[in-house]
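Notes follow the structure.
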Amino acid sequence: MGYSVHSMNLLTLLQDRIRLALTGLVDDPTPYAAMVKAANDAKFGDYQANCAMSLSKVLGKKPPEVAKEIVARLPQDDLFEKVEIAGPGFINLRFRTEWLAAQMQAIAKGGRLGIAPAATPKTFVIDFSGPNVAKPLHVGHLRSTVIGDSLCRLLRFLGHQVIGDNHLGDWGLQFGMLLHGYKHHRDEAALQADAVRELARVYVMLRKKVKPAEDVEDEPANAKNYPPEELAESQAVLAACRQETSKLHAGDPENLQLWKQFMPWAMAEIEAIYRRLDIHFDQTLGESFYHSMLAEVVRDLKAKGIAEDSRGAVAILFGENEPAAIIQSSHGAYTYTTTDLATIRYRVETWNPDVLLYVVDFRQALHFKNLFIVARRWGYDRPEFHHVSFGSVLDPKTGKPFKTSGGGVAELEQLISEAVQHAAKMYEQICRERRERGDEVPEFSPEELKQVHEAVGIGAVKYADLSQNRESDYGFSVEKMTSLEGNTATYMQYAYVRNRGIFRKGDENSDLYRTHPPQVYLEQPQERALALQLLRFEEALQAAAADYRPNVITAYLWDLAKTYSGFFQNCPVLKAETPALRQSRLLLCDLTARTIQKGLELLGIRTIERM
RNA sequence: GCCCCCGUAGCUCAGCUGGAUAGAGCAGCGGAUUUCUAAUCCGCCGGUCGCAGGUUCGAAUCCUGCCGGGGGUGCCA
């Protein structure tokens, strides 16, 4: 591209300054420099350094004295308008407004909004979505898919190498059930009509049949809960499904043939949803891909003394009270631990990543904890491993997780459609109200209208998920997420639309504000606040990336939108007092629009120009 | 039994590598606008941050115990 990126991270800029000022005062200034943060009240300034209190003990001086000393050691230049010491020893920092204005002009150029690509790019492998191929995507897959996709987009934008990998469940017992069900319970007519749905029906039926047997294996006392005949049948069916799985794994031609036949059917359905949701993977290497490597993995782990024979199985032991991880069952079958270990080996050998992320349900915490321990023992000690865990999607009616089988209610496709329809309904209603008031309503072709509905409906679903701290559970309520008020995708999309409307109305070409940014004036407090907030974008993205938390981005966008509306309310743009001020405000508008657009893009949410 | 997570306003939740009077949205109440698309904005109301101790100049945040809820716990993933 050729343009140089003007990097502007206010936080690191200030931390560097404080670090410099502390050099010579303390041995290791870094932890104290880290105590710089955004001021929690604008009346204190823009940022505050809180290190003087902590240093007080180390230096044997009173906090205000320490603060005074630090302030005296700050470089004397034109960065700050005001530096003052307040309260028990806070150092309050306020940027010079002209300096902020100059930054606006600088970050307007180029396409990165002042965010420089990482100086030392890392390679990330992100394991996300990972649906069970035997059944339709359900609401439980939403979080992994949406969070994982967002992390891919974010880390990639920050300049890292990212490999998003969809580790499909395409080779386990679920396929044995599918094979058994297909052979014994298929409805040929239904299969012709809708193969995927028929396979799903068969799968759900088999799950139900097999449940008593699994219950009793978990806890023999449960046997009393089932009639003996039912239990016996269940056990027979489970054994048969395991048999089919084993045959598939052993390379039985018929089962392999059926597997190859089922896969494209199942994938077509899943891929349609990914397309609709605008989710992309760099790799789709499911469990089946690793099957041929598992025997060698077990052999190697045994040879290295990491795994051992135990109670008829091959297991990895962790400690007295810790449950072991089975890598080969007493029937000879490999488990997901084995597959995950083979996957680690493959990923490390193929991509040599710095970080491996697993975007998976919190209930698998123990599995991943053990998996990472084993990977270290196995010699993979360079990469970082992180279980990016998340809470459950609850059914707001029951307050319990959506059921994975036993009904089509929770199918993802259906929920998305419901959200889109709801968004469409709300949109029609708003348009009617606008017409009644005599307001202008954008004219759309049916195709454009559909795009608006999709963008709003799907954006709502994604935003509702991503704006939640990923560790907590949340209730999936279409009404709430498509709400027009509050911190929702719709609000952000509308803020963007309103902003773009200014350029249309004023017949202004926003490209000019990017190639030839005008001088910026920040005379009104709302203008200054907006500029400051725009400059915090990188800070937000870095914080989101550091903890793999997309909700940090939504929180930033929400703050930005509120700051912008303060500006919008108080600062006329097209009717500004002077042409220079109009130019300046248009630049602020364009930067805001681009920041909203980029932020939403990193969440996988589309913007539209009119709505 | 053992291990992990959660408990913040009526509701849904942010904030949690300690920092100034604990923040939003919704709901409720009261206002604004001859508009740059009102899917808007402003104000008010509302909190013993589960409870009790401890560490600290300072605790929603760290430590211990207890209560309440959820999850996991060797051959499913």
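Just so it is clear: chains get the letters A, B, ... in the order the sequence lines come, proteins before strands, and each one is counted from 1.
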Base partner of [N], which must satisfy Watson-Crick or wobble distances under 3.5 Å:
N: B:C2; result: B:G72
N: B:C41; result: B:G31
N: B:A14; result: none
N: B:U21; result: none
N: B:G65; result: B:C51

Please give the distance between the [atom1] atoms of [N] and [M] as a whole number of Å.
N: B:G18; M: B:A60; atom1: P; answer: 14 Å
N: B:G46; M: B:A9; atom1: C1'; answer: 6 Å
N: B:U34; M: B:C49; atom1: C1'; answer: 47 Å
N: B:C62; M: B:G19; atom1: P; answer: 10 Å
N: B:U61; M: B:U8; atom1: C1'; answer: 12 Å
N: B:C66; M: B:A27; atom1: C1'; answer: 35 Å
N: B:G70; M: B:U64; atom1: C1'; answer: 23 Å
N: B:C51; M: B:G68; atom1: P; answer: 15 Å

Indicate for each nucleotide in nucleotides 7-17 of chain B, in 5' to 3' sequence, whether protein heavy atoms under 4.0 Å reach the base (B), only the sugar-phosphate (S), or nothing (-). -----SSSS--

Reading nucleotides 72-77 of chain B from the 5' end, what letters show protein touch, with B for base, S for backbone sugar-phosphate only, - for no heavy atom under 4.0 Å? SSBBSB

Please report the distance, rounded to the nearest Å, between [atom1] in [X] and [atom2] in [N].
X: A:D361; N: B:G70; atom1: CG; atom2: P; value: 17 Å
X: A:M481; N: B:C26; atom1: CE; atom2: P; value: 17 Å
X: A:K57; N: B:G18; atom1: NZ; atom2: P; value: 14 Å
X: A:N370; N: B:C3; atom1: CG; atom2: C1'; value: 11 Å
X: A:L55; N: B:G19; atom1: CG; atom2: C1'; value: 14 Å
X: A:E428; N: B:A39; atom1: CD; atom2: P; value: 14 Å
X: A:F368; N: B:C4; atom1: CZ; atom2: C1'; value: 15 Å

Once the angle between the rings of A:H387 and A:F368 is folded into 0 to 90°, is it parallel (under 30°), tilted (30 to 60°) or perpendicular (over 60°)? tilted

Parallel, tilted or perpendicular, as decided by the 30° and 60° cut-offs, for the rings of A:F372 and A:F385: parallel

Answer yes or no: are there more than 12 heavy-atom neighbours, outside A:K211 itself, under 6.0 Å from its atom NZ? no

Can you name the residues that form a side chain to side chain contact (heavy atoms under 4.5 Å, CB included) with A:A324, not counting sequence neighbours? A:A315, A:L317

For A:R610, which residues count as a side chain to side chain contact (heavy atoms under 4.5 Å, CB included) partner, sequence neighbours excluded? A:P442, A:F444, A:E448, A:R504

Sequence neighbours excluded, every pair satisfying salt bridge (charged side-chain N to carboxylate O under 4.0 Å, His left out) that has a member inside [range]:
range: residues 456-474 of chain A; answer: A:R143-A:D465, A:E471-A:R549
range: residues 37-50 of chain A; answer: A:D41-A:K43, A:D46-A:R528
range: residues 423-435 of chain A; answer: none

For the side chain of A:K37, counting heavy atoms from C-beta on, which of B:C57, B:G18, B:A39 is nearest? B:G18

Please report, to 0.1 Å, the donor-acceptor pairs under 3.5 Å made by any side chain of residues 238-246 of chain A, with sequence neighbours excluded.
{"from": "A:R242", "atom 1": "NH1", "to": "A:E217", "atom 2": "OE2", "distance (Å)": "3.1"}
{"from": "A:R242", "atom 1": "NH2", "to": "A:E217", "atom 2": "OE1", "distance (Å)": "3.0"}
{"from": "A:E244", "atom 1": "OE1", "to": "A:K183", "atom 2": "NZ", "distance (Å)": "2.8"}
{"from": "A:E244", "atom 1": "OE1", "to": "A:N255", "atom 2": "ND2", "distance (Å)": "2.9"}
{"from": "A:E244", "atom 1": "OE2", "to": "A:K183", "atom 2": "NZ", "distance (Å)": "3.4"}
{"from": "A:T245", "atom 1": "OG1", "to": "A:C241", "atom 2": "O", "distance (Å)": "2.7"}
{"from": "A:S246", "atom 1": "OG", "to": "A:R242", "atom 2": "O", "distance (Å)": "3.0"}

Side-chain N or O of A:K369 versus OP1/OP2 of B:C4: is the shortest distance under 4.0 Å? no

Any side-chain N or O of A:R437 below 4.0 angstrom from OP1/OP2 of B:A39? yes

Run the salt bridge (charged side-chain N to carboxylate O under 4.0 Å, His left out) test against A:E539 and tell me which residues pass, sequence neighbours left out. none

My understanding is that only residues two or more places apart in sequence, or in another chain, count here; which of them pass salt bridge (charged side-chain N to carboxylate O under 4.0 Å, His left out) with A:D439? A:R437

Could you list the protein-to-nucleotides 40-44 of chain B atom pairs, N/O on both sides, closer than 3.5 Å?
{"from": "B:U40", "atom 1": "OP1", "to": "A:L484", "atom 2": "O", "distance (Å)": "3.3"}
{"from": "B:C41", "atom 1": "OP1", "to": "A:Y491", "atom 2": "OH", "distance (Å)": "2.7"}

What nucleic acid atoms does [X] come within less than 4.0 Å of, heavy atoms only: base, sugar-phosphate, or nothing?
X: A:V441; result: nothing
X: A:R610; result: base
X: A:P63; result: nothing
X: A:M426; result: nothing
X: A:C241; result: nothing

CG of A:D165 to CG of A:L168, rounded to nearest 0.5 Å, is 8.5 Å

Taken to the nearest 0.5 Å, the spacing of A:H167 NE2 from A:T339 OG1 works out to 6.0 Å

Detail all sub-3.5 Å separations between protein N/O atoms and N/O atoms belonging to nucleotides 20-23 of chain B.
{"from": "B:A20", "atom 1": "OP2", "to": "A:N40", "atom 2": "ND2", "distance (Å)": "2.4"}
{"from": "B:A20", "atom 1": "N7", "to": "A:Q48", "atom 2": "OE1", "distance (Å)": "3.2"}
{"from": "B:A20", "atom 1": "N6", "to": "A:Q48", "atom 2": "OE1", "distance (Å)": "2.8"}
{"from": "B:A20", "atom 1": "N6", "to": "A:N92", "atom 2": "OD1", "distance (Å)": "2.4"}
{"from": "B:A20", "atom 1": "N6", "to": "A:N92", "atom 2": "ND2", "distance (Å)": "3.3"}
{"from": "B:A20", "atom 1": "N1", "to": "A:N92", "atom 2": "ND2", "distance (Å)": "3.3"}
{"from": "B:U21", "atom 1": "O4", "to": "A:D41", "atom 2": "OD2", "distance (Å)": "3.4"}
{"from": "B:U21", "atom 1": "O4", "to": "A:K43", "atom 2": "NZ", "distance (Å)": "2.5"}

On a heavy-atom basis, the closest approach of A:L557 and A:I596 is CD2-CA, 4.0 Å

Between A:N487 and A:I502, the residue closer to the 5' end of RNA chain B by nearest nucleotide is A:N487

Going by distance alone, is a donor N or O of one side chain under 3.5 Å from an acceptor N or O of the other, for A:Q526 and A:Y564? no

Residues A:D340 and A:Y290: side-chain donor-acceptor under 3.5 angstrom: no

For the backbone of A:H422 and the side chain of A:E479, can you confirm whether one donor and one acceptor N or O come within less than 3.5 Å of each other? no

